[in-house]
Number of protein chains: 2
Amino acid sequence: MSTDPAPRSVGESGEEAVLAVIVEELGELHRAGTDLAALTVPAGDDAAVLELPEDGAPARILLSTDTLSQDQDFRPGWWTPQQQGAPMGRAVGLKAAAQNLSDLNAMAATPIALLVSLTLPATTSLDWVRGFYRGLAEAVRREGAEHCHIAGGDLGSGPGISVTLTAVGRLPAGHAPLRRNGARPGDQLAVSGPLGAAAAGLALLEVGHPCPGPELSRLRDAQIAPAPRLRTGAQALRCGATAGLDLSDGLLRDAGRLARASAVRVRLDQAALTEQAAALLPAAAALGLPEAQAQAEALRWVAAGGEDYELLASFGAEARLPEGFIKVGEILECAEHAGSDADGAREVLLTGAIDDQGWDSLQG
Amino acid sequence: MSTDPAPRSVGESGEEAVLAVIVEELGELHRAGTDLAALTVPAGDDAAVLELPEDGAPARILLSTDTLSQDQDFRPGWWTPQQQGAPMGRAVGLKAAAQNLSDLNAMAATPIALLVSLTLPATTSLDWVRGFYRGLAEAVRREGAEHCHIAGGDLGSGPGISVTLTAVGRLPAGHAPLRRNGARPGDQLAVSGPLGAAAAGLALLEVGHPCPGPELSRLRDAQIAPAPRLRTGAQALRCGATAGLDLSDGLLRDAGRLARASAVRVRLDQAALTEQAAALLPAAAALGLPEAQAQAEALRWVAAGGEDYELLASFGAEARLPEGFIKVGEILECAEHAGSDADGAREVLLTGAIDDQGWDSLQG
């Protein structure tokens, strides 16, 4: 126990410092594998891997859990008074499922179960609950989630809506999970689809924009009811991916995580990101931003916006990228090996003036 | 989607009505077992059972999830200003673990993993987080949790502390889980230990009682840092238990659940409950209750108080109860078969005037 006169708060410390405390305490527990279970991939990747020894080949399950909180991950004000029941419930269900299923996808696993813990204010309508479960059911009817059961959960009351989903997945026999620690200097860095739509949608929602037309409503829906593709992890693994992780906190931040886990650096290709940003300019225009600012804002959505639920993965220099994947950079040696260059200390290199390092779940 | 002019809220409807909506929606999903996973015990018991087909015998895992919310399940005011860091964190970790591990115990499973999702206000101290993980580690070092890994989780921010744990368990090969639907008329009904301590502790905490001495501090600790025995489920199964469930919402309410699931009625033995209530009289006295009221209140703690994390189980009429178990009643035929008696419509019969039906997580 600390004897600091003024103990530091998690907000001052930031997410990485809190995670460091957690990793330290879990290290203290020193739990070896037993004849019932071994933790072969501990906390730190998108999901933990648990091996269940059996007479035959051990079954391996992947576990991931995520909480969505009202006012942090969604705001009731995003929906009209008429939409506060089933439509809002459905969207929250879709987003909660997307977040969890996307974590399993990032490790190339197949989802087999979702568990649900719902904390609801007493004033929540029954219709909201119905809509929420319909959203979950809709999510597990999508391609890649055919094996996924909804295995019940817990119900409690609280001052705001809070939803925690736990996803359980399986790995095909003999397959290793896709992890974040395998990137090598010279590898290509790619994303499974265009980035920034969820961040642009958030900006529109925050000013109460009505999002008319398919172009803007697509961006809004990317934020409130995301529909990630759930086979990109397995697809990447088949194409020889060396590392991968879920892009939930923004490219800059998540690329930094891949770099640290793999002990490499990442150089992002500004031209590739600028090309993606072009698709978001209508949103910047709808927000009334002048042209120069609009381009900078759209690039920020691409590079630092979170919640896209796309896969970030590295591939050998000669590898052919999976269909739909877009190259966004390359892997460099870590600073110690690279000699002294101006950027030596930084894990993620990107020319230009993006100072936002992505979403910190405790400081944001 | 409902077209009701005034949609009903979950608070007005109560927990059972909300669960009915959930069960209905999950039924709509109609998901059959696949070659990767089958849900052999769905939502409704203390944990869901998922079968993972393999070449050999299928592994079976049990899944349970529970959320603890600040001001609902614990209040910062229960700790002094000096205890708001690590000591409060430790207690919340112990209680969260108790709640989840107890669910697995109630189905006679062995815990193999806990996943953690923490939602924290930015002002939470890092010491709180450290204390919380130490509480979890303490809980999985207890007898019965030797195989349990802490498999990481999620970190987010919110207006109050909210902790969701998901517990994963395994069943011994060839063993069926202990479920709530197997009680038969004539069975004995028993609990794995004395009840009411957590409710008495809550009453003391709510008035800010300092709880001096071992007798009162034991009751306070039963509420803030419970330490359930984790082998009573397996013990009950070995002694031929016909049904069982975790006593988290109070004897009256949970006995009603066992009765409904088994299509029987339960008659509780007031003398047995009164005997247990005697041990709680010092708490009622510490609250300044006059003697007659003290006895009624102590009996209410035993019969309707929640969070004891003891097992409620039924055993054949001739069975010898496992060590430490206490008989609290018997199983009767359901009303249709029993002819018309005055109590015919009630699932749980108890002589006397306890009108509190236990904890409803949405109305309480």
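Note that the structure is a prediction, hence the values are computed from the model and not measured. Proteins come first, then strands; the chains are lettered A, B, ... in the order of their sequence lines, and each starts at number 1.
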Residue from B:Val116, B:Asp66, B:Val49 scoring the most non-hydrogen pairs under 4.5 Å with chain A is B:Asp66
Check: So A:Ile112 and B:Leu52, side chain to side chain contact (heavy atoms under 4.5 Å, CB included) or not? Walk me through it.
Finding: CA-CA 9 Å; A:Ile112 58 170; B:Leu52 314 178; 3.4 Å; yes
Cut-off 4.5 Å, heavy atoms of chain B, and the answer for A:Val168 is side chain
d(A:Ser117 OG, B:Leu165 CG) to nearest 0.5 Å is 10.0 Å
If one checks every heavy atom of A:Asp71 against chain B at 4.5 Å, the contacting part turns out to be neither
Heavy atoms of B:Ala48 and A:Ala151 approach each other most closely as CB-O, 3.3 Å
Sorted by chain and residue number, the side-chain hydrogen bond (donor to acceptor under 3.5 Å, both in side chains) partners of B:Thr164 (sequence neighbours excluded) come out as A:Thr164, B:Thr67
Ranked by heavy-atom pairs below 4.5 Å to chain B, first place among A:His149, A:Arg141, A:Gln70 goes to A:His149
* **B:Val10 side chain near A:Val129 side chain, heavy-atom distance below 4.5 Å** => yes
The reported gap from CG in A:Leu115 to CG in B:Leu63 (rounded to nearest 0.5 angstrom) is 5.0 Å
Salt bridge (charged side-chain N to carboxylate O under 4.0 Å, His left out) filter on A:Arg231, not counting sequence neighbours, yields A:Glu143, A:Glu146
Exercise answer: donor-acceptor pairs, residues 118-126 of chain B side-chain atoms, under 3.5 Å, sequence neighbours excluded:
from, atom 1, to, atom 2, distance (Å)
B:Thr124, OG1, B:Pro121, O, 2.7
B:Ser125, OG, B:Trp128, N, 3.1

Ordered numerically, the heavy-atom neighbours of chain B under 4.5 Å found in residues 21-40 of chain A are A:Val21, A:Ile22, A:Glu24, A:Glu25, A:Leu26, A:Glu28, A:Leu29, A:Arg31, A:Ala32, A:Gly33, A:Thr34, A:Asp35, A:Leu36, A:Ala37, A:Ala38, A:Leu39
Task: 4.5 Å side-chain heavy-atom contact, B:Pro53 and A:Arg170 - done: yes
Applying a strict 4.5 Å limit to non-hydrogen atoms, the region of A:Ile61 in contact with chain B is side chain
Of A:Ala17, A:Gly131, A:Cys148, A:Gly153, the largest count of non-hydrogen pairs under 4.5 angstrom with chain B goes to A:Cys148
One should read off an interatomic distance between B:Asp154 CG and A:Thr65 OG1, to the nearest 0.5 angstrom, of 6.5 Å
Whatever's closer than 4.5 Å to a heavy atom in chain B on A:Ser64 counts as backbone
